[in-house]
Amino acid sequence: MFEGVLPALITPFTKDDTIDRTGLIKNIEFAENGKVTGVVVCGTTGESATLSTAEHMEVIDIAVECANVPVVAGTGSNNTAEAVELTRHAEEAGASGALVISPYYNKPNKAGLISHFRTIAEAVEIPIVLYNVPSRTGQDIPLEVITELAKIDNIVGIKEASGSIDKASQIIENTMDEDFMVTSGDDGLTLPMMSIGGCGVISVVANIVPDRMSRLVNAFNEGDTTTAQQLHYEIAPLIRALFTETNPVPIKRAMDLVGLNAGHLRPPLAPISAENDKLLTDCLKGLGCLQ
């Protein structure tokens, strides 16, 4: 259920800083029209760090209620008890799976990491996808920890966002005997990662161009590497523009520009700079997303 393209959805806010239910539903419909295979809510792109627990649960509930594709709920925390609470809620709400980031700030040792993820996995029955993003957490989940966690029945894969194709390759090599998938956490590495056995991408750019990213992944899976490469290079400038500043600053601005539902950024994030705004606008025009 986690193969293909799953947009890491932004969380739209109303002017009075509440969850924009209507906007979220419309964004999910837009992604589904782009032939995505699922959606991810309450991840980094969804500004999970500034969502209250109640808001976190509200977003999961809305997505599960309205989506026609599998919903993967971001339920990670640097507090194991809180991660268990959120993951249990996701399961009760009807989410298809949970995306669980490694504990940020705490930087636990190997035994601590294994205990953290094992505790969450044992508290629920839904599938769990690990999330390795050292640029956010300050810690790269060691290969031997991932290999050990892959043996747990309902830990079914990893969103690998270390930026290292070599790391992804080693994970795939070490988990070949397990029912374990590796998906890209970096849009720009989707095609390279699939070429070594990755199964798709949890994508930021798919908030804007879900159709193009879906066609890229489908083309590769169908053996049409020429089309996959063409699409890779077609959207590469937009991907770079979306990461000129901290995610989700550029993607929320991009969604505003193309008429999708985004709303404001929650502090401490601030609007994109004028220079990067122009770069982003030019990329969107180049792709035909803007008139």
Task: Distance (rounded to the nearest 0.5 Å) between F2 CZ and M181 CE - done: 6.0 Å

Open item on the list: For a quick test of reading the model, state the closest non-hydrogen atom pair linking E47 to L269 and the distance between them.
Closed with: OE1-CD1, 4.1 Å

Open item on the list: Could you measure the distance from the CG atom of L231 to the CZ atom of R212? Nearest 0.5 Å is fine.
Closed with: 8.0 Å

Open item on the list: Contact between T37 and V69 at the side-chain level, heavy atoms closer than 4.5 Å - yes or no?
Closed with: no

Open item on the list: Under the criterion side-chain contact (heavy atoms from CB on, under 4.5 Å), I'd like the reasoning laid out for D20 against K26: C-alpha separation, chi angles, the key distance, then a yes or no.
Closed with: CA-CA 10 Å; D20 182 356; K26 288 181 178 178; over 6 Å; no

- [ ] Mind running side-chain contact (heavy atoms from CB on, under 4.5 Å) on I60 and V71 for me, showing each step along the way?
- [x] CA-CA 8 Å; I60 294 171; V71 173; 5.5 Å; no

Task: Neighbour count >12 (heavy atoms, 6.0 Å) for atom CG, N221 - done: yes

Task: Spatial distance of atom CG (D166) from atom CD1 (I171) [nearest 0.5 Å] - done: 10.0 Å

TODO: Determine whether the side chains of E29 and N33 contain a donor N or O and an acceptor N or O closer than 3.5 Å.
DONE: no

TODO: Following the transitive rule for hydrophobic clusters with a side-chain heavy-atom cut-off under 4.5 Å over Ile, Leu, Val, Met, Phe, Trp and Tyr, establish whether I146 and I101 coincide in one cluster.
DONE: no

Task: Distance, nearest 0.5 Å, that separates CG of L280 from CZ of F243 - done: 11.5 Å

Open item on the list: Determine whether a donor-acceptor pair (N or O, by modelled atom type, separation under 3.5 Å) exists between the side chain of T45 and the backbone of P248.
Closed with: no

Open item on the list: Would you compute the distance between atom CD1 of I208 and atom CD1 of I239 and round it to the nearest 0.5 angstrom?
Closed with: 12.5 Å

Open item on the list: Tell me whether D17 at atom CG has more than 12 heavy atoms from other residues, nucleotides or ligands lying less than 6.0 Å away.
Closed with: yes

Open item on the list: Is there a path of hydrophobic side-chain contacts, each under 4.5 Å between heavy atoms, that joins L260 and I272?
Closed with: yes

- [ ] Could you identify which residues cluster with Y105, counting Ile, Leu, Val, Met, Phe, Trp and Tyr as linked when any side-chain heavy atoms lie under 4.5 Å apart, either directly or through a chain of such contacts?
- [x] none

Task: Test item: side-chain donor near acceptor, E245 and S273, under 3.5 Å - done: yes

Open item on the list: Let me confirm one number: the CG-OG1 distance from N261 to T11, rounded to the nearest 0.5 Å.
Closed with: 12.5 Å

Open item on the list: Determine whether a donor-acceptor pair (N or O, by modelled atom type, separation under 3.5 Å) exists between the side chain of N109 and the backbone of A111.
Closed with: yes

- [ ] Kindly indicate whether the side chain of N207, heavy atoms from C-beta on, has any atom under 4.5 Å from the side chain of L9.
- [x] yes

Task: Smallest separation among heavy atoms of L242 and A254, with atom names - done: CD2-CB, 4.2 Å

Open item on the list: Checking E65 against I25 for the side-chain contact (heavy atoms from CB on, under 4.5 Å) test, could you report, in this order, the C-alpha distance in whole Å, the side-chain angles of both residues, the deciding distance, and whether it holds?
Closed with: CA-CA 9 Å; E65 178 185 335; I25 292 171; over 6 Å; no

Open item on the list: Quick check against the 3.5 Å criterion: does D224 have a side-chain atom that pairs as donor or acceptor with the backbone of T227?
Closed with: yes

Task: Check: C199 main-chain N/O paired with T183 side-chain donor or acceptor under 3.5 Å - done: no

Task: Flag side-chain contact, heavy atom, 4.5 Å: M255 against I251 - done: yes

Open item on the list: Apply salt bridge (Lys or Arg N to Asp or Glu O under 4.0 Å) to residues K278 and E275 and explain how you reach the verdict.
Closed with: CA-CA 5 Å; K278 182 181 184 306; E275 177 184 1; over 6 Å; no

Donor-acceptor list for residues 115-131 side chains, cut-off 3.5 Å, not counting sequence neighbours:
from, atom 1, to, atom 2, distance (Å)
H116, ND1, T80, OG1, 2.7
T119, OG1, S115, O, 2.7
Y131, OH, K159, NZ, 3.4

Open item on the list: Side chains of V209 and C289, heavy atoms from C-beta outward: is any pair under 4.5 Å?
Closed with: yes

Task: Minimum heavy-atom distance L257-L284, with the two atoms named - done: CD1-CD1, 3.8 Å

Open item on the list: Looking at G74, is its backbone amide N or carbonyl O close enough to the side chain of H56 to form a donor-acceptor pair, meaning the two atoms are under 3.5 Å apart?
Closed with: yes

Task: Passing candidate, side chain to side chain contact (heavy atoms under 4.5 Å, CB included) with V201, options M193, M194, M213 - done: M213

Open item on the list: If I compare all heavy atoms of A241 with all of L279, which pair ends up nearest, and what's the gap?
Closed with: CB-CG, 4.2 Å

- [ ] Heavy atoms only: give me the nearest P210-A31 pair and the separation to one decimal.
- [x] CB-O, 4.0 Å

Task: Check: E55 side chain, I19 main-chain N or O, donor-acceptor pair, under 3.5 Å - done: no

Task: Single-linkage hydrophobic cluster I158~I202, side-chain heavy atoms < 4.5 angstrom - done: no

- [ ] Scan side-chain atoms only and decide if T14 and D16 contain a donor-acceptor pair under the 3.5 Å cut-off.
- [x] yes

Task: Side-chain (K252) to main-chain (H264) donor-acceptor, under 3.5 angstrom - done: yes

Open item on the list: Is there a side-chain contact between C283 and R240 in this structure, where contact means two heavy atoms from C-beta onward sitting under 4.5 Å apart?
Closed with: no

- [ ] Test T137 against V133 for side-chain contact (heavy atoms from CB on, under 4.5 Å), laying out the working first.
- [x] CA-CA 6 Å; T137 64; V133 57; 4.1 Å; yes

Task: Under 3.5 Å: donor-acceptor pair, side chain of S195, backbone of P192 - done: yes

Task: Heavy-atom check, side chain of M57 versus side chain of E92, under 4.5 Å - done: no

- [ ] Indicate whether any N or O donor in one side chain lies under 3.5 Å from an N or O acceptor in the other, for S77 and N79.
- [x] no

Task: Heavy-atom check, side chain of T190 versus side chain of S203, under 4.5 Å - done: no

Task: Co-membership, hydrophobic cluster, residues L113 and F180, 4.5 Å side-chain - done: yes

Task: Heavy-atom side-chain contact between D140 and K167 under 4.5 Å - done: yes

Task: Shared hydrophobic cluster, L189 / V217 (ILVMFWY, side-chain heavy atoms < 4.5 Å) - done: no

- [ ] Check whether any side-chain N or O of N132 sits under 3.5 Å from a backbone N or O of I141 as a donor-acceptor pair, and report yes or no.
- [x] yes

Task: Backbone N/O of I165 and side chain of S169: donor-acceptor pair under 3.5 Å - done: no

- [ ] Give the minimum heavy-atom separation between A83 and T87, together with the two atoms involved.
- [x] O-OG1, 2.6 Å

